[in-house]
2 protein chains.
Amino acid sequence: MSRIGLTAQRKLILDIVSEASDHPTASDIIDRLKLQGQTVAYATVYNSLRYLTDQGLIRELKLEGDASRYDARMEDHQHIVCTSCGRVDEVMTEIPKDWLRQIEAETGYSITEEQLLFKGVCAECRTSNNKAVQ
Amino acid sequence: MSRIGLTAQRKLILDIVSEASDHPTASDIIDRLKLQGQTVAYATVYNSLRYLTDQGLIRELKLEGDASRYDARMEDHQHIVCTSCGRVDEVMTEIPKDWLRQIEAETGYSITEEQLLFKGVCAECRTSNNKAVQ
DNA sequence: CCCTTTATTTAGACTTAGTTTAAATTTAGA
DNA sequence: TCTAAATTTAAACTAAGTCTAAATAAAGGG
Ligand SMILES: [Mn+2]
Ligand SMILES: [Mn+2]
Ligand SMILES: [Zn+2]
Ligand SMILES: [Zn+2]
């Protein structure tokens, strides 16, 4: 059996996602490839992101905006986005199990996945906002 | 001051969203207008949905898929989507307050909004799936 | 009422994010 | 080395929605 899979292009893209801490979009990734002097076709970036997602090496996030973001943190976690500056941060606090059981009881579903997005104002924005007001 | 606002076209669209229980997309709404023999321009449907959302008469949901869905239930609630048949149901169970406080403590954000999407298998799909297996 | 101003609707062009197609290139492995 | 399968590529295409500019409709002062 062939187990190449992780071609040069895919590796470049995986590295960018792994090293990023800002949950980059496909377009961010294209920009960063250009900055590195690497030339990867537009369609290859999308194909690679799909491949890496299917392989479970990265995960696709649909948060604010139209463009998907990508995350190489595979531990179970959620996200919070600042409505003032747009930054996306991790939410590692676990979802209360008994709350999930309650939702299953309410809806009759058996839950297999949670996609939770919180919105709010980050510490930095609260600080600079206060400064601006004073 | 003028307070027309709710024009004939906007009212038609508000009624469709209000009477629907399936969180319809813009395209669903266009289909239902056609079924009613009503003719509303494509752009007007989108303009109206934005207007109604801005007025707080309906809310826009970004769940699975590319198209926004619309909901006239304005009470604070969340959604769950069946990964087998695609139906979208309401989740009325409240978010645990102390959990939100925990997330605020973890992230440093002050949370202003929660957009929670659960995925799972609905009761009907579990039943028919069991039948298929037997 | 009549006229002017403002709001709304409309058709169609345009945009953004992503997918598909078909040819060219690369790689695997017999 | 040679062939078949996998991957990359450029460019066409799609889906969902926005924008533009003209046409229509409503408002409100006189
Ligand atoms: Mn993350
Ligand atoms: Mn709902
Ligand atoms: Zn911020
Ligand atoms: Zn179902």
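All chains are named by letter (A, B, ...) in the order of the sequence lines, taking the proteins before the strands, and each is independently numbered beginning at 1.
For A/D28 and C/dG18, the CG to P distance is 11 Å, given to the nearest whole Å. For the pair B/I30 CD1 and C/dT9 P, the interatomic distance rounds to 14 Å; values are reported in whole Å. Atom CD of A/Q55 is separated from atom P of D/dA6 by 13 Å (rounded to the nearest Å). Atom NZ of B/K62 is separated from atom C1' of C/dA17 by 12 Å (rounded to the nearest Å).
Listed by chain and residue number, B/R87 satisfy the salt bridge (Lys or Arg N to Asp or Glu O under 4.0 Å) test with B/D89 (two or more places apart in sequence, or in another chain). Applying the ring-ring contact (aromatic ring centres under 6.0 Å, His included) rule to B/H79 yields the partners B/H23, B/H77; only residues at least two apart in sequence or on another chain are considered. In this structure A/N47 satisfies the side-chain hydrogen bond (donor to acceptor under 3.5 Å, both in side chains) test with no other residue, sequence neighbours excluded. Take B/E114 and apply the salt bridge (Lys or Arg N to Asp or Glu O under 4.0 Å) test, not counting sequence neighbours, and it matches no residue. Judged as a side chain to side chain contact (heavy atoms under 4.5 Å, CB included), and not counting sequence neighbours, the contacts of B/K119 are A/T112, A/E113, A/Q115, B/E64, B/V81, B/T83, B/L117.
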Quiz prompt | Candidate pair B/R50 and B/D54, rule salt bridge (Lys or Arg N to Asp or Glu O under 4.0 Å), full reasoning | solution = CA-CA 6 Å; B/R50 188 146 26 114; B/D54 290 349; 5.9 Å; no
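For residues 70-81 of chain B, the pairs satisfying salt bridge (charged side-chain N to carboxylate O under 4.0 Å, His left out) are B/R73-B/E90, with sequence neighbours left out.
At a non-hydrogen distance threshold of 4.0 Å, nothing from residues 12-20 of chain B comes into contact with DNA chain C.
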Measure all distances between protein nitrogen or oxygen atoms and nitrogen or oxygen atoms of nucleotides 13-20 of chain D, and list the pairs falling under 3.5 Å.
residue	atom	partner	partner atom	Å
D/dG17	OP1	B/S68	N	2.9
D/dG17	OP2	B/Y46	OH	2.7
D/dG17	N7	B/Y42	OH	2.5

Which pairs would a plain distance check flag for residues 30-38 of chain B, meaning a side-chain donor or acceptor within less than 3.5 Å of a matching protein atom at least two apart in sequence or in another chain?
residue	atom	partner	partner atom	Å
B/R32	NH1	B/D22	OD1	3.2
B/R32	NH2	B/D22	OD2	2.6

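Contact between the side-chain N/O atoms of A/Q9 and the OP1/OP2 oxygens of C/dT26 is not found at any separation under 4.0 Å. An OP1 or OP2 oxygen of C/dT10 is reached within less than 4.0 angstrom by a side-chain nitrogen or oxygen of B/T44.
A 3.5 Å limit on both hydrogen-bonding distances identifies C/dA17 as the Watson-Crick or G-U partner of D/dT14.
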